[in-house]
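This report concerns only the one structure given below.
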Amino acid sequence: MRFDGRVALVTGGSRGIGRAIVESLAAEGAKVAFVYASNASAAEELVKSIESSGGTVLGIQADVRKKADADRAVDQVVETFGKIDILVNNAGIVRDTLVATMPEEKWRDVIETNLNSVYNFCHAVMRPMMSARYGRIVNMSSVAARMSNQGQAAYAASKGGIESFTKCLAVEVAKRGITVNAVAPGFIVTDMTEAVRSAAEDKILKEIPTKRLGQTSDIANAVLFLADEKTSYITGDVITVDGGLTLGGL
Amino acid sequence: MTRDEIFEKVQQTLVDALGVDDDEVTPEATLSGDLGAESIDYLDIVFRLEKNFGIKIPRGELFPENLSTGDGGFVKDGVVTPEGVAELKKRMPHADVDSFAADPKVENIQELFTVNMIVKFLEKKLS
């Protein structure tokens, strides 16, 4: 299979897009570890589901905002599976609020969970990936990084930060056989977008040229493409997976 | 471990980390100028030395950081001041700072980082 012998770590892996990525990687032969924040029952259910299909999976509870947790999670993956080839920084939250009414905790929560976690895990995998002279890092951005949605200042800033971080790190480690890219999803059907969808799905669909919302599998496909060994000449790039939403066509 | 044994292991480490030929890795070779090391390579070299010698090298101990950008008055008009030279001696006892002091231009700091410097550092560390 495409990812036979590969070891992957996916943050925010028990639900939504992360879960689809974990399932897709496992289905393609990778040994997959995933980090989840608190939903142990969802994590257990995912482990059982993958194991019953013959896959190899490891669930790790960790707070992605904490550097020590990221280091521990990466150590656990290397101890369990012997190495780490693929890192998908997918963990993310939305706390949409107008800046004028945004309490500091919300700002910090979004930046720490979405952006600082990317540093935490990328830094943690540098040693094993550099030693192996191989790595595929895929960071989850969002079309929000390039749109100007009211109430999304923190979310957009975190995703814009991820894209800039992705490009800098890509240059730093290119010589080491490590690629670093990002995927920017548009409107994807997940728990995270449920509130927005229920309020404005028709309006959103009008803006999407393909006239459908994205599925988590659409994002997983792009992530697996970038995580593939064969995709060695694409680095520092952001693949937009939004059905044409941000093309600005009429 | 003898000095020759340390050198051979360092040589192999640098061949692996920098993709150079072993005959290029002479004791006098500078990591940046002669062996083409870039900043990320220094980190990789430390990782590999730790693994190959089974030791821990605290960050900044072998390759001190921010040698020329500190605000300690160590650099003036592109030249390392006597205070700066003294600081270099303190932070890099394994380097040949006296030779550097003969022409202490900031851009010459890189020449302190030689293969021999790594060997000396490891000799002390392993003793």
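The analysis underlying the following values was restricted to heavy atoms, covering all of them including side chains, and did not include hydrogens, waters or symmetry mates.
Atom CZ of A/Arg15 has 12 or fewer heavy atoms from other residues, nucleotides or ligands within 6.0 Å.
For the residue pair A/Met130 and B/Phe47, the shortest heavy atom distance occurs at SD-CE1, 4.2 Å. Taking every heavy atom of both residues into account, A/Arg127 and B/Lys56 meet most closely at NH2-NZ, 4.5 Å. Residue A/Arg133 comes nearest to B/Leu18 through the heavy atom pair NH2-N, 4.1 Å, listed as atom of the first residue, atom of the second, then distance.
Proximity to chain A (any heavy atom under 4.5 Å) is shown, for B/Asp41, by both the backbone and the side chain.
With rounding to the nearest 0.5 Å, the separation of NZ in A/Lys175 from CD1 in B/Ile40 is 9.5 Å.
Note on B/Ala17, B/Ser39, B/Gly19: by heavy-atom pairs under 4.5 Å with chain A, the leading option is B/Ala17.
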